[in-house]
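Counting from 1, the numbers follow the sequence of the chain as shown.
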Amino acid sequence: QVQLVESGGGLVQAGGSLRLSCTASGGTFSNYAMGWFRQAPGEEREFVTAISWTGGFTVHADSVKGRFTVSRDNAKNTSYLQMNNLTPEDTAVYYCAAADLRSSSRVLTSNLWEYDYWGQGTQVTVSS
């Protein structure tokens with residue numbers, strides 16, 4: 001059983017930056033692709049970005065390309081989401097998630113239903 005804890009959320013002005021962290025415990029972190037999702041009030045949870053278990057491959061939603069960067073440090077059991085040039089539209093609860101894809105031919109996924117473990121979420125609020 002993997003436990004995920006996000007941190008780093010907060011209130012920032014438009015154009016500012018935040019870095020979220022997601023620290024895992026209770027499993028072998030390097031076995032899992034990591035994903036970041038977000039959910040705004042009244043909206044469905046949406047994909048933001050994902051990174052393969054080696055860190056060699058990433059994918060981003062079009063809405064965050066060029067602004068958000070995902071990374072991971074397997075020695076620290078932590079994934080990071082660097083968010084730059086934030087806009088009020090980025091306001092949401094941000095969740096990290098872990099997917100075990102070792103039985104598949106893929107190294108990462110943007111599909112919410114393929115993630116096995118989820119963190120509790122961290123609030124990001126961007127003021128205009």
Side-chain angles (χ1 to χ4, degrees):
Q1 189 80 5
V2 176
Q3 292 82 43
L4 302 173
V5 178
E6 300 99 335
S7 61
L11 174 65
V12 64
Q13 289 188 331
S17 298
L18 282 175
R19 188 176 82 154
L20 306 183
S21 298
C22 172
T23 300
S25 61
T28 303
F29 183 67
S30 58
N31 285 345
Y32 296 90
M34 296 299 297
W36 288 88
F37 294 78
R38 65 187 181 186
Q39 189 166 17
E43 302 290 331
E44 294 187 350
R45 194 169 298 189
E46 67 173 2
F47 171 75
V48 175
T49 185
I51 186 167
S52 62
W53 58 79
T54 65
F57 297 92
T58 62
V59 62
H60 295 76
D62 288 343
S63 58
V64 305
K65 278 181 182 177
R67 300 188 301 123
F68 290 14
T69 302
V70 63
S71 61
R72 67 189 296 160
D73 184 339
N74 286 346
K76 295 182 178 180
N77 291 347
T78 301
S79 175
Y80 304 97
L81 179 62
Q82 178 67 44
M83 305 185 294
N84 298 327
N85 194 21
L86 286 159
T87 73
E89 289 69 35
D90 295 314
T91 295
V93 177
Y94 283 72
Y95 299 90
C96 68
D100 186 350
L101 302 175
R102 289 175 292 169
S103 62
S104 76
S105 60
R106 293 162 297 127
V107 296
L108 47 75
T109 180
S110 61
N111 296 324
L112 182 150
W113 60 87
E114 292 190 284
Y115 283 85
D116 303 294
Y117 302 102
W118 291 82
Q120 82 290 349
T122 185
Q123 176 71 47
V124 171
T125 303
V126 185
S127 63
S128 58

Considering residues at least two apart in sequence or located in another chain, which fulfil the side chain to side chain contact (heavy atoms under 4.5 Å, CB included) criterion with Val2? Leu4, Ala24, Tyr32, Tyr117
Can you name the residues that form a ring-ring contact (aromatic ring centres under 6.0 Å, His included) with Tyr80, not counting sequence neighbours? none
Shortest non-hydrogen contact from Ser21 toward Thr78: CB-CG2, 4.2 Å
How long is the straight-line distance from CZ of Phe29 back to CG of Asn74, given to the nearest 0.5 Å? 5.5 Å
Locate the shortest heavy-atom distance separating Ser79 from Ser71; write the atom from each residue and the value. OG-O, 3.1 Å
What residues, two or more places apart in sequence or in another chain, satisfy side-chain hydrogen bond (donor to acceptor under 3.5 Å, both in side chains) together with Asn84? Ser17, Gln82
Run the side chain to side chain contact (heavy atoms under 4.5 Å, CB included) test against Ser110 and tell me which residues pass, sequence neighbours left out. Phe47
Taking side chain to side chain contact (heavy atoms under 4.5 Å, CB included) as the definition, give me every residue that meets it alongside Thr122, ordered by chain and number, with sequence neighbours left out. Glu6, Leu20, Tyr94
Which pairs count as salt bridge (charged side-chain N to carboxylate O under 4.0 Å, His left out) when at least one residue sits in residues 111-123, sequence neighbours excluded? Arg106-Glu114
Kindly compute the distance separating CE (Met34) from OG (Ser52), expressed to the nearest 0.5 Å. 12.0 Å
Please report the shortest heavy-atom distance between Val59 and Leu108, naming the atom on each side. CG1-CD1, 3.7 Å
Quick one: are Leu112 and Trp118 in side-chain contact, heavy atoms under 4.5 Å? yes
Under 4.5 Å between side-chain heavy atoms, counting indirect links through other Ile/Leu/Val/Met/Phe/Trp/Tyr residues: same cluster for Val93 and Leu18 or not? no
Applying ring-ring contact (aromatic ring centres under 6.0 Å, His included), can you list everything that pairs with Trp53, at least two apart in sequence or on another chain? none
Looking at residues at least two apart in the chain, or sitting in another chain, which of them share a side chain to side chain contact (heavy atoms under 4.5 Å, CB included) with Asn85? Arg67
Closest non-hydrogen atom pair between Glu43 and Gln39, with its separation: O-NE2, 3.1 Å
What pair of heavy atoms forms the shortest contact from Val70 to His60, and how long is it? N-NE2, 3.8 Å
Pairs meeting criterion salt bridge (charged side-chain N to carboxylate O under 4.0 Å, His left out) with involvement of residues 19-40, two or more places apart: Arg38-Glu46, Arg38-Asp90
Kindly write out the residues that satisfy ring-ring contact (aromatic ring centres under 6.0 Å, His included) with Tyr115, not counting sequence neighbours, or none if the list is empty. Phe37
Give me each pair satisfying disulfide bond (SG atoms under 2.5 Å apart) with a member in residues 9-119, each pair once, sequence neighbours excluded. Cys22-Cys96
Do Trp36 and Val126 share a hydrophobic cluster (ILVMFWY, side-chain heavy atoms under 4.5 Å, transitive)? yes
Closest heavy-atom pair, Val124 versus Met83, reported as atoms and distance to 0.1 Å, is CG2-CE, 3.9 Å
Is it true that a side-chain atom of Thr125 and a backbone atom of Gly10 form a donor plus acceptor pair closer than 3.5 Å? no
Once side-chain hydrogen bond (donor to acceptor under 3.5 Å, both in side chains) is applied, do any residues pair with Thr91, and if so which ones, sequence neighbours excluded? none
